[in-house]
Amino acid sequence: MLRVRALSLPMLKNLLVPLSLFSLSSPRPPLSLPPPSLSPLSHIQSAKPKQPIFKFFTSNIRDGNYDESISQTLTVCPGCGVHMQDSDPNQPGFFIKPSEKSPDYKCRIDRRPVAEEPNISVSLKRGIIVEPENPNPNRNLTEKSSRPLVCARCHTLRHYGKVKDASVENLLPDFDFDHTIGRKLASSSGTRSVVLMVVDASDFDGSFPKRVAKLVSASIDENYTSWKQGKSGNVPRVVLVVTKTDLLPSSLSPTRLEHWVRQRARVGGASKLTSVHLVSSVRDWGLKNLIDDIVELAGPRGNVWAVGAQNAGKSTLINSIGKHVGGNVTHLTEAPVPGTTLGIVRVEGVLPGQAKLFDTPGLLHPHQITTRLMREELKLVHISKELKPRTYRIKMGHSVHIAGLMRLDVEELSVDSIYITVWASPYLPLHMGKSDNACNMIEEHFGHQLQPPIGEKRVRELGEWTRREFHVCGNTWDSSSVDIAAAGLGWFAIGLRGEAVLGVWTYDGIDVILRNALIPYRSPNFEVAGFTVSKIVSKADQASNKLQRPSERKRKVSDTKVKDSSAESVLYMN
């Protein structure tokens, strides 16, 4: 650098000219780019348009890492199982690789007070500072860097409780259970398969995977017949896991609940259950017995598949099992949002030996009412605390509304009155009144005092309001005999001693069934007619009152002006 500065401007010109002539006279070498740095996502990064890349993603995006040959070449999000990519933020699986921090990033600061003037050393006065000894100054940085990298969607779900971009959800292909897992269960060879059918206790019939139950039952019959004939027969084991049992009343007997669950499972198509477990992932109820049963059934090399509807609690269950085991288990993404898991996730560190545990994407049940609701509406429908009964004693010609989602009409009765108990989220407002005013309720109160839906526009978006008829009978007044349940919402428990014809109204396509009563008990204090006391109703009333107050004031002002003008005209005439 010193030599260049010593040269004068003419000397620099003489030096640059030969170099330019050399660059012009010499032939141009062929263009050769340096080899790109290899990364876990180098197989999907290219200079071609992004459309072929996305086609490659959509063909395998739901397969996750259940196959070892695929998992070695593709990077999978450990939170939701989607294949990750860092090229297009508008496509599924996008992630941002965190930048590398310097060793001095967020280093600890010695906040001890400076000594008084006589005690200050000569080295400090000269500007020489001796740093305090710290055996591990970057401990927090190391802990952060050791955390697994997840996609942007999982990051926003974990920290903000919402999906980052709702439009990306529509780009995801449907999870093909029959192709991905069904063919493994139907195969008569290979490792042993254990199917964990996870069902929500508060929405048993709505979240029960009927298609999976029928497929597994058919595979069991076929493979068992082959095994009896001396052929290779891999008979799958089916374990029914009923989660969120802490949401049911504590007065409900576990023996009665298990008997009721087995009966409903047979109706749903699960005719051959190996075992039934009633668990609570939040309170660690029944996890030890479930883990012991899974380990025994899977053996040293078996595959365990956790299957269930969206938001049934599969990921929460697996995370609770991992904490109970105490192994190094990847934390799966949990959120009260349907479809949190996008691809198959192989969970390590739970089962001993070479046995493998897989978390699968939630099965879409379009007959559930939750599939049509927005995020704010889901918060009101989602059951997050123990259910409490709300009971009405009503006569013929009256109706009971559950928000703006479901209505029950008492059309015919062989007795004087009937007991109707509502089991649903406590955030849902109820209304009891005459059936003759039901049409006015839809026009005047749906979307306002009866939420969800939130807003009049959402009432039209949810679909057509349809009626279904049920004939019920009972033989006692002391308890409920039957339930009328709507998938994803809740149920009416009916108690009477006689017969009745009930009309149930809800949106078209929502599954409504008649079943034996799950919880026979009812509330000792009956609800009164009109709207129930609810935060939703009170806020809606306040909003409607605020809108009416300006109009009422304008009317009062106009009335006073008319009176004053009429009085002035009378005085003028006199």
Side-chain angles (χ1 to χ4, degrees), residues 194-210 212-213 216 237-250 252-265 268 270 273-294 297 304-325 329 331-341 345 347 350 357-365 368 370 378 381-387 423-425 485 487-491 518-519:
V194 179
V195 181
L196 296 183
M197 288 199 303
V198 182
V199 186
D200 187 354
S202 60
D203 185 26
F204 186 89
D205 292 279
S207 62
F208 188 82
K210 297 181 181 179
V212 176
V216 175
R237 275 70 169 175
V238 182
V239 179
L240 180 60
V241 183
V242 183
T243 61
K244 305 179 185 180
T245 55
D246 56 301
L247 300 179
L248 300 179
S250 57
L252 182 61
S253 170
T255 305
R256 173 184 171 83
L257 177 59
E258 183 177 352
H259 176 74
W260 185 90
V261 164
R262 288 182 178 274
Q263 181 184 11
R264 297 307 305 171
L273 295 177
T274 306
S275 58
V276 175
H277 292 270
L278 311 176
V279 303
S280 171
S281 303
V282 178
R283 301 189 180 182
D284 293 340
W285 293 350
L287 291 182
K288 185 179 183 303
N289 294 334
L290 175 62
I291 295 171
D292 295 341
D293 193 15
I294 293 174
L297 293 175
V304 181
W305 306 89
V307 182
Q310 293 182 354
N311 209 22
K314 300 185 304 299
S315 300
T316 306
L317 174 65
I318 294 176
N319 288 334
S320 301
I321 291 175
K323 293 177 183 178
H324 194 276
V325 172
V329 182
H331 181 71
L332 302 175
T333 301
E334 305 173 17
V337 178
T340 303
T341 304
V345 183
V347 184
V350 176
L357 175 61
F358 299 94
D359 184 21
T360 63
L363 302 175
L364 179 61
H365 287 182
Q368 287 181 313
T370 51
L378 283 172
V381 177
H382 180 68
I383 301 175
S384 57
K385 58 178 66 175
E386 182 179 330
L387 287 169
W423 295 94
S425 171
L489 177 61
W491 66 93
L518 170 61
I519 307 173

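As a basis for the values below, the full set of heavy atoms in this structure was taken, side chains included, without hydrogen atoms, waters or symmetry mates.
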Take the angle between the ring planes of Phe204 and Trp260 and call it parallel below 30°, perpendicular above 60°, tilted in between.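 Aromatic pair Phe204/Trp260 classed perpendicular.
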Closest heavy-atom contact between [X] and [Y]?
| X | Y | answer |
| --- | --- | --- |
| Phe208 | Ala270 | CZ-CB, 3.8 Å |
| Arg256 | Leu518 | NE-O, 3.6 Å |
| Leu357 | Ile318 | CD2-CG2, 4.1 Å |
| Gly268 | Ala213 | O-CB, 4.2 Å |
| Leu387 | Ala424 | CD2-O, 3.4 Å |

Is any side-chain heavy atom of [X] closer than 4.5 Å to a side-chain heavy atom of [Y]?
| X | Y | answer |
| --- | --- | --- |
| Ser207 | Gln368 | yes |
| Ile383 | Trp423 | no |
| Leu273 | Met197 | yes |

Counting N and O atoms only, with roles assigned by atom type, does the side chain of [X] sit under 3.5 Å from a partner on the main chain of [Y], one being a donor and the other an acceptor?
| X | Y | result |
| --- | --- | --- |
| Thr243 | Val199 | yes |
| Thr360 | Ala306 | yes |
| Asp203 | Gly488 | yes |
| Thr274 | Val238 | yes |

What pairs of residues pass the salt bridge (charged side-chain N to carboxylate O under 4.0 Å, His left out) test when at least one of them lies in residues 273-289, not counting sequence neighbours?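 As it turns out, the salt bridge (charged side-chain N to carboxylate O under 4.0 Å, His left out) pairs with a partner in residues 273-289, which skip direct neighbours, are Lys288-Asp292.
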According to the salt bridge (charged side-chain N to carboxylate O under 4.0 Å, His left out) rule, which pairs have a member within residues 238-247, sequence neighbours left out?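 Output for this query lists Asp200-Lys244.
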Reference residue His277; test side-chain hydrogen bond (donor to acceptor under 3.5 Å, both in side chains); the match among Asn289, Thr245, Asp293: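 Result for side-chain hydrogen bond (donor to acceptor under 3.5 Å, both in side chains) with His277: Asp293.
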Sequence-distant partners of Trp285, ring-ring contact (aromatic ring centres under 6.0 Å, His included), two or more places apart: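 Checked Trp285 against ring-ring contact (aromatic ring centres under 6.0 Å, His included); zero matches.
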